[in-house]
Amino acid sequence: MDRVRVLRGGRFVDADREDHDVLGVVVSAVAGVALGLLAGLATSQFFSEVSPRHVSGAVKRIGRRSSSRDAKPSDTLERAVNGALDENPKTRQLNVRAHALSDGIVELVGTAPDRDARAVAGIVARGALDDAVIVNRILVEGEDVPRRPSAPRAG
């Protein structure tokens with residue numbers, strides 16, 4: 001055992017440091033990290049429909065996009081996606097907008113009356129851009145957020 005100085009009650013005192021105290025801290029830290037990861041994975045599976053295949057595909061597209069010399073400016077991406085959403089009869093009435101997060105990454109935000117309308121908006125956005133990453137954060141009314149009284153039904 002080693003003698004160490006520790007702060008107790010506002011002053012330093014000599015104390016014995018026991019080796020099993022350090023081991024206990026390390027074991028507790030490792031257990032805490034493991035439990036945190038497990039809880040995070042369980043929560044993400046419960047609250048999200050994101051599959052590992054989609055995540056790995058998005059990461060690959062981001063990597064390709066960041067190495068591309070002819071990346072489109074963010075405002076061009078936004079205009080292209082918002083224009084496509086406004087022109088398409090299935091997405092024209094949706095409360096959805098595109099926001100460029102960076103060159104090659106566009107986020108869709110807003111609400112849709114159902115899952116099908118949300119999916120159609122994502123498809124239309126992908127069709128407007130060749131190889132940009134589309135992050136679909138559209139919320140479904142009645143599931144993710146309360147339904148608007150005047151919300152149009154998809155059909």
Side-chain angles (χ1 to χ4, degrees), residues 6-7 18-155:
V6 295
L7 184 64
E18 297 181 22
D19 291 333
H20 71 272
D21 287 343
V22 174
L23 180 62
V25 169
V26 170
V27 169
S28 296
V30 169
V33 169
L35 286 173
L37 285 172
L38 218 85
L41 288 172
T43 303
S44 69
Q45 290 298 318
F46 181 75
F47 287 112
S48 175
E49 294 182 17
V50 176
S51 71
R53 183 176 57 86
H54 288 113
V55 172
S56 65
V59 168
K60 287 177 186 172
R61 286 193 303 269
I62 290 170
R64 280 197 312 258
R65 187 47 144 169
S66 65
S67 65
S68 175
R69 293 176 192 240
D70 58 348
K72 295 179 184 173
S74 297
D75 58 338
T76 303
L77 297 174
E78 274 185 28
R79 280 196 307 270
V81 173
N82 284 327
L85 291 169
D86 290 341
E87 290 175 11
N88 189 300
K90 293 181 180 179
T91 58
R92 180 178 298 144
Q93 300 299 319
L94 294 179
N95 181 24
V96 172
R97 297 308 318 145
H99 299 284
L101 299 176
S102 68
D103 289 346
I105 303 174
V106 177
E107 176 183 48
L108 297 178
V109 295
T111 58
D114 54 44
R115 288 181 183 191
D116 290 337
R118 177 186 189 273
V120 167
I123 291 168
V124 169
R126 278 185 204 92
L129 303 170
D130 295 333
D131 60 347
V133 174
I134 304 296
V135 179
N136 192 339
R137 294 190 187 265
I138 299 172
L139 301 174
V140 176
E141 294 173 2
E143 289 182 29
D144 301 319
V145 294
R147 188 172 297 281
R148 291 182 297 148
S150 62
R153 294 292 247 184

Hey, is CZ on R137 packed in by over 12 heavy atoms from elsewhere, all under 6.0 Å?
no
As an exercise, state the distance from CD1 of I138 to CZ of R97, rounded to the nearest 0.5 Å.
10.5 Å
Can you name the nearest heavy-atom pair linking A80 to A128, along with the distance?
O-CB, 3.8 Å
Member of Q93, R118, R147 meeting the side-chain contact (heavy atoms from CB on, under 4.5 Å) criterion with P113
R147
Correct closest heavy-atom pair for L85 and A121 would be CD2-O, 3.8 Å
May I ask you to decide if V135's main-chain N or O and E107's side chain share a donor-acceptor pair within less than 3.5 Å?
no
Provide the closest heavy-atom pair for G104 versus L77 in the form atom of the first, atom of the second, distance.
N-CD1, 3.2 Å
Look up atom CD1 in I105 and atom CD1 in I134, then write down how far apart they are to the nearest 0.5 Å.
10.0 Å
Could you report the tightest heavy-atom contact between L108 and A98, atom names first, then the distance?
CD2-CB, 3.9 Å
Shortest non-hydrogen separation from N88 to K90 and the atoms involved
OD1-N, 2.7 Å
If you compare all heavy atoms of R115 against all heavy atoms of V140, which two are closest, and at what distance to 0.1 Å?
N-CG1, 3.9 Å
